[in-house]
Amino acid sequence: MKRMEDEKPMDRNLAMDLVRATEAAAMAAAPFAGRRKKEAADQAAVDAIRFALSTVPMDGEVVIGEGEKDEAPMLYIGEQLGTGSPPPVDIAVDPIDGTTMLSVGRPGSISVVALADRGSLFTSHLAYMDKIVVGPQARGVIDLNAPVVENLRAIAKAKGRKVRELTVIALDRPRNTEMLQAAQKAGAKLWLITDGDVTAGLLAMLWHEGGVDALMGIGGTPEGVLTACAVKCLGGDMQGRLWARDDKDRDQAKAEGQDLNRVLTLDDLCSGENAFVAITGITDGELVRGVRYFAGGAQTHSLAMRSVSGTVRWVEARHNFGRLRKVAGARYEGEAEEEG
């Protein structure tokens, strides 16, 4: 008979623990939708997610967060979370991905947390990364050094489609103009987004949910690492390359020992075999619905995934604020009082 002390720590599925954390952040942030209070919304989400993660049975260290320790009270790089018991894990967290969208009441804002084996997540202080993300059908055929048209042809061939039948999702930014023009010239359809490239990467892997075949272009580095964890869970593929905006970024890359020409593979971005990701909708989006309220509580819609099993769960939950308040105070309800 197998003894408890012989079990590997990461045999435990932490995905549902993470869902409780992203649910907490989503409920705390949702009351700020459309109120143009980005900082207040972010703080409410941070407070809720920090409280929830502090109860998770893990020895966690934030490697993707809100900045350095001197920027506290946001979740900072190096912060310790969890109960301190095994397993030792890296934490990548974005309490609100799409803060601007939330602040103006647009769809697509989410809360997201990822865990992976300690020391397995890529870290850099450079803000931006060029990336390409595809689903399982196109695994192994992408090359960030190749021209856009060659990648699109390879993806189309792997999927048994024509390039004109592909949809590329990308951030609508001047820095992506050249890539977008190349994709358009090749004949692919474009889906341009204003924010939220974590969701965009997921849509590229869960193609049947949104009809997207690839995420391409320059987006956030933290979002790239979070996406890599999801790619590990969903069996897709991803490559990235750090992108410098200016001389300051180039100096930062040099100080970190980063090669700006190096293509980072999926295993460079998330080298561990154990990864867990949870996402909860704050405002309605393509993958998950936003927080919905009823008398005395709220309903949330989440995704939970685990790399070892490849299992993806859609989780709907109803939350009773009266009972939650006894456990966690009013932090899951956003602002405690309405403005007069």
Side-chain angles (χ1 to χ4, degrees), residues 97-98 100-101 106-110 112 127-243 245 263-266 269 277 279 285-288 303:
D97 180 39
T100 299
M101 293 188 292
R106 292 176 185 158
S109 61
I110 61 172
V112 55
Y128 293 101
M129 176 185 290
D130 192 7
K131 50 193 127 167
I132 179 169
V133 179
V134 293
Q137 288 178 295
R139 183 177 177 85
V141 307
I142 56 174
D143 180 1
L144 199 55
N145 281 328
V148 171
V149 64
E150 290 185 15
N151 275 301
L152 291 174
R153 287 170 180 166
I155 294 167
K157 182 178 180 181
K159 290 193 162 194
R161 311 245 290 279
K162 295 180 174 62
V163 171
R164 68 172 181 269
E165 296 169 342
L166 300 181
T167 298
V168 175
I169 193 166
L171 285 166
D172 189 9
R173 298 287 192 275
R175 59 179 179 264
N176 286 327
T177 298
E178 185 177 343
M179 181 279 295
L180 292 170
Q181 290 176 342
Q184 188 174 38
K185 184 176 180 180
K189 295 176 289 183
L190 299 179
W191 182 349
L192 302 183
I193 57 175
T194 58
D195 295 279
D197 55 341
V198 173
T199 295
L202 284 165
L203 287 171
M205 289 179 286
L206 296 168
W207 62 271
H208 54 284
E209 298 298 323
V212 175
D213 298 285
L215 164 68
M216 289 183 164
I218 299 164
T221 297
E223 290 82 358
V225 177
L226 282 160
T227 300
C229 294
V231 175
K232 277 280 174 132
C233 295
L234 296 171
D237 202 1
M238 177 177 181
Q239 291 185 1
R241 180 169 49 220
L242 292 172
W243 184 76
R245 295 167 291 182
V263 173
L264 300 163
T265 66
L266 177 59
L269 295 167
V277 180
I279 292 167
E286 296 293 331
L287 280 178
V288 284
L303 276 173

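To the nearest 0.5 angstrom, Arg173 atom CZ is 10.5 Å from Leu192 atom CG. Rounding to the nearest 0.5 Å places OG1 of Thr227 at 6.5 Å from CG of Leu202. Atom CG in Leu144 sits 6.5 Å away from atom CD1 in Ile132 (nearest 0.5 Å). For the atom pair OH of Tyr128 and CG of Leu242, the computed distance is 13.5 Å after rounding to the nearest 0.5 Å. The CE atom of Met216 lies 10.5 Å from the CG atom of Leu190; values are rounded to the nearest 0.5 Å.
The closest side-chain heavy-atom distance from Thr177 to Gln181 is below 4.5 Å. In this structure, Ile155 and Leu166 have side chains that are in contact, with non-hydrogen atoms separated by less than 4.5 Å. Side-chain contact between Ile193 and Thr199: absent, with no pair of heavy atoms (C-beta onward) separated by less than 4.5 Å.
A donor-acceptor pair under 3.5 Å links the side-chain atoms of Lys131 to the main chain of Gly220, judged by distance alone. Checking side-chain atoms of Asp213 against main-chain N and O of Thr167 turns up a donor-acceptor pair under 3.5 Å. Using a distance-only test at 3.5 Å, with no hydrogens or angles considered, no donor-acceptor pair links the side chain of Asn151 to the main chain of Ile142. A donor-acceptor pair under 3.5 Å is absent between the side-chain atoms of Arg139 and the main chain of Met238, judged by distance alone. Here the side chain of Arg164 pairs no donor or acceptor atom with the backbone of Ala188 at under 3.5 angstrom. Remark: the backbone N or O of Asp197 is not paired with any side-chain donor or acceptor of Glu223 at under 3.5 angstrom. Judged purely by atom type and a 3.5 angstrom limit, Asn176 uses its side chain to pair as donor or acceptor with the backbone of Ile218.
Heavy-atom minimum distance, Gly219 versus Leu171: CA-CD1, 3.7 Å. The two residues Pro136 and Met205 come nearest to each other via the heavy atoms CD-O, 4.0 Å. Scanning all heavy atoms of the two residues, the minimum distance from Gly201 to Val133 falls at O-CG1, 3.8 Å. A pairwise comparison of heavy atoms in Leu215 and Ala170 identifies CD1-CA, 4.4 Å as the closest pair. Nearest heavy-atom pair across Lys162 and Ala156 is C-CB, 3.9 Å. The minimum heavy-atom distance between Ala154 and Val141, with the atom names listed, is CB-O, 3.7 Å.
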As a quick check of understanding, evaluate side chain to side chain contact (heavy atoms under 4.5 Å, CB included) for Glu286 and Val212, giving each step before the final call.
CA-CA 11 Å; Glu286 296 293 331; Val212 175; over 6 Å; no
Could you walk me through whether Lys185 and Val149 satisfy the side chain to side chain contact (heavy atoms under 4.5 Å, CB included) test, starting with their C-alpha distance in whole Å, then the side-chain angles of each, then the deciding distance to 0.1 Å, before giving a yes or no?
CA-CA 8 Å; Lys185 184 176 180 180; Val149 64; over 6 Å; no
**OP:** Check the pair Lys159 / Val134 against side chain to side chain contact (heavy atoms under 4.5 Å, CB included), numbers first and verdict last.
**Re:** CA-CA 11 Å; Lys159 290 193 162 194; Val134 293; over 6 Å; no
message = Is there a side chain to side chain contact (heavy atoms under 4.5 Å, CB included) between Leu234 and Val277? Walk through the geometry before answering.
response = CA-CA 10 Å; Leu234 296 171; Val277 180; over 6 Å; no
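Heavy-atom contacts from other residues, nucleotides or ligands closer than 6.0 Å to CD of Glu165 number more than 12.
Residues passing the salt bridge (Lys or Arg N to Asp or Glu O under 4.0 Å) test with Arg153: none are found, sequence neighbours excluded.
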